[in-house]
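Chain A is the first sequence line, chain B the second, and so forth, proteins listed ahead of strands; every chain is numbered from 1.
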Amino acid sequence: MSNPQKKFNKRLLIGIFVIIISTIYLITLSMDAASAIYVTPSELLDSNVQPDDRIRLGGQVREGSIFRNRENKLELEFIVEEEDTQVPVKYNGSTPDIFGDNAIVFVEGYYYDDTNIFLADTLLTRHPDTMEPLSQEIINSDPNDSY
Amino acid sequence: MRNRPEEKPHLNSKPISKLTGFGVITLVLVLISTYMSLVSAPLEAIQGVHQKIFYIHVPLAFIAYASITVVFIASLLFLAKNDSKWDRLARISAEIGILSTTIVLFSGSLWGRPVWGAWWSWSDARLVTTLVMWLIYMGYLMLRSLSKSNSQTVKIASVIGVLGFINVPITYFSVYLWTYLHPLPTLQSSTERPESSILVPFLLSFLAYLAVILVIGIVRTNLEKDFDQLEILKKQVEGNRWE
Amino acid sequence: MPGIYHQVLRLFYRELLIEFRSKEQLTTMFIFALTTVIIFQFSFEMRTGNVKILIPGVLWISIFLSSILSLNRSFSRDHEENALIGMLSTPLDPLSIYISKVLTTTFLLCALDLILLPIMTILLNSSIFYTNLIPVLILGNIGISATGAIVASTVANTKSRETLLPVILLPLLLPVLLGCVTATGAIIDEKPLQQYGNWIQIVAIYDIIFTFASGLMFHFTIEN
C-alpha cells in the first residue's frame, strides 16, 4: 500500500479537477437555458398561445399610453411595446413607484387572441442598469402628480 | 496548595486600546458617508428617493459574499494546516457574513417593493441564493455553538463551511434558469459608470461599512482569543486541583 | 488489505445485513413517507381540484424528509454501538466508508420509491408510472445520499444531531429539490425531454460535485 498522504494528494487532484470541470459545464448549461424567461410582444403575437397559458410578457411602456380609470385608480390600461410591436395590457392592482412612461415592465397573466388584450394580474418593473442623477428641471415638476 | 507562580493572563480585549482610534475614524467615516448619501447625493432620475437604499445595500452585499468566501478559504486552510487561527477567522467571518446578509435581505426587500413592485421574487437567482446562503451559514454557526468546542467539532464545522460555499454557485445557476428581475450590477457592467455624484458617496459608504466590519471583526477576534486563554486557565486550575 | 472496491462491497454488505435483520430504517422511512403524503393530501386537496399539480412536490418532500430519518439512524447507530471505532481501528480507507454509506442510502431511498409510487397512485388516484421518471428518481436519491452522508456524519458527533441534520442538510439540497420537482412535474405533464433535460443535467452535476467534494473531506468527520 502506498503512502496515505500521497494517496490523498492524488485523490485531491482528481477531485478538484472533476469539480472544476463540472462547475464550468454547469455555467455553460445555465447560460444556454436562460433565454425563455419572458416573451417579448413580437414573440407573443407570432406564437399560437392558448387563453389558459400563463405568460410573462416583458417590454417597455409606450409613452403616453397609460390610462387610469377615474373612479378606481387601481384599474389601468397601457401598451407594452418593443420597437413597433405593441400589446395592450389591462391591469388591476397597485403599481410600483417607478412605473410610468418608458418603464421596463414584466406583466404576468393571460393573452386573449380574439380581443388582442393581455389581462395581467402581476406587474413588476425593472430598474435600468444605469443610475443617473435627476436633473434640476424635473425636480421642480413632481412627476408623480402628472396623472 | 499553590506552588505554581501566578501566571498573569494576557487579555486581548482591553477596554481602551489602539482599536479606539480606528473606531473613532470609522464613526467619522460612517457619519460622513451617511450625510453624503442621504443629503448631498442627488436624487436618482427614475427611482427617486428609493435609490438611497443602494448606498447601504450594495456595499453590504459585497461584504456578505466576501466574508463567505473568507469562511471557505479559512476552512480549507484549517483542514489543511490544522492551525486554530484559521478556524477562528472562519467563525468570525461567518458571523459577519450572517450579519451583513441579514441586513442585505431586509434592505433589498424594502428596496424591491417600491421599485420592482414586489417584496420578494422567487424567480430571482440572487435573492434565492442569498437566502439559501444565509440558511446554510446559520446552520454552520448553530453547529458550532451547539457542539462542544473540541478539535473534532471544530474540524467538522469546517467541512460544512466548505460544502456551503460550493453549494452557492450551484444554487445560483439552478435558480438562474428563471432569472429576470435584477439588472447587471451597476458597477460591474462598466460600460456606463454612474456619475461621480452617485459614485463618490457609494465608494465612501463602501469604505465606511468595510471599516465597521473590520472593527467588529477585530473586537470579536480578541474576544475569541480571550475565550481560548480562559479555557487554558481553567485547565490549569483543574490541574492544580488534582495535584 | 483488500482494494477499495472490495472494502466498499464488504461495508455495503454489512449495512444491508444490519438493515435486513432490523428492518428499522426502511420501515420508519416508509411509514413516515406515507404520513407525509396523507398530511399533504389533507392540507391541499380542498384548495385544488387538480391533484396532479401536487404530485411532484408531495413525492419529493416525502423522500427528502424520510431520508433524514434514515441518515440519522444509520450514523447514530454506528456511534452508539462503537462500530465506527471498530471500523477505524482497522486499516480501512475512510473513503470506502463514505461510498458504502452513499450506496446504502441510495439503495434504501430507491426501495422507498418502489413502495411509495404505487401507494401514491392509489391514494391520489392518478398514475405516476413513467419510465422517464426512473433516472430522475435515481439521480435525486444519489444527490440526497451524497450530501446527506457527509452532513449526517458531521452532526453525529454533536449532542443535538437530530435537530441539526435537517437544518444544515435541506438548504444544501435545494438544487436537487428544484431540479427533481421541476423534472418530475414536466414528466407527469408529458412534456418533451428538452423542456426538462437541463434539470436532469443540473441534478447530475450536483451529484458529481458533492460526491467528489464530500469524498475528499469525509475522513475529517470521523477521525478522532
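Interface remark: of the candidates Val168(B), Leu163(B), Leu131(B), Leu163(B) forms the most heavy-atom pairs closer than 4.5 Å to chain C.
In terms of heavy atoms, Asn167(B) sits closest to Leu172(C) at OD1-O, 3.0 Å. Considering every non-hydrogen atom in both Ile202(C) and Phe173(B), the closest pair reads CD1-O, 4.4 Å. Nearest heavy atoms, Val167(C) versus Met142(B): CG1-SD, 4.0 Å. Taking every heavy atom of both residues into account, Pro171(C) and Val132(B) meet most closely at O-CG1, 3.6 Å. Contact between Gly139(B) and Ile168(C) at its shortest, heavy atoms only, is O-CD1, 3.7 Å.
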For this session: Would you please test Leu170(C) and Leu135(B) for side chain to side chain contact (heavy atoms under 4.5 Å, CB included) and show each step?
Result: CA-CA 9 Å; Leu170(C) 293 180; Leu135(B) 282 172; over 6 Å; no
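Of the atoms belonging to Ile205(C), not a single heavy atom falls under 4.5 Å from chain B. Of the atoms belonging to Phe218(C), not a single heavy atom falls under 4.5 Å from chain B. Heavy-atom distances place the side chain of Ile160(B), and not its backbone, under 4.5 Å from chain C.
Counting heavy-atom neighbours within 6.0 Å of Phe106(B) CZ, excluding the residue itself, gives a total of 12 or less. The environment of Phe107(C) atom CZ is sparse: at most 12 non-hydrogen atoms of other residues, nucleotides or ligands sit within 6.0 angstrom. Within 6.0 Å of atom CZ in Arg10(C), 12 or fewer heavy atoms from other residues, nucleotides or ligands are found, so the atom counts as exposed in its surroundings.
With rounding to the nearest 0.5 angstrom, the CG atom of Leu178(C) is 12.5 Å from the CD1 atom of Ile170(B). Taking CG of Asn82(B) as the reference point, atom CZ of Phe220(C) lies at 8.5 Å (rounded to 0.5 Å).
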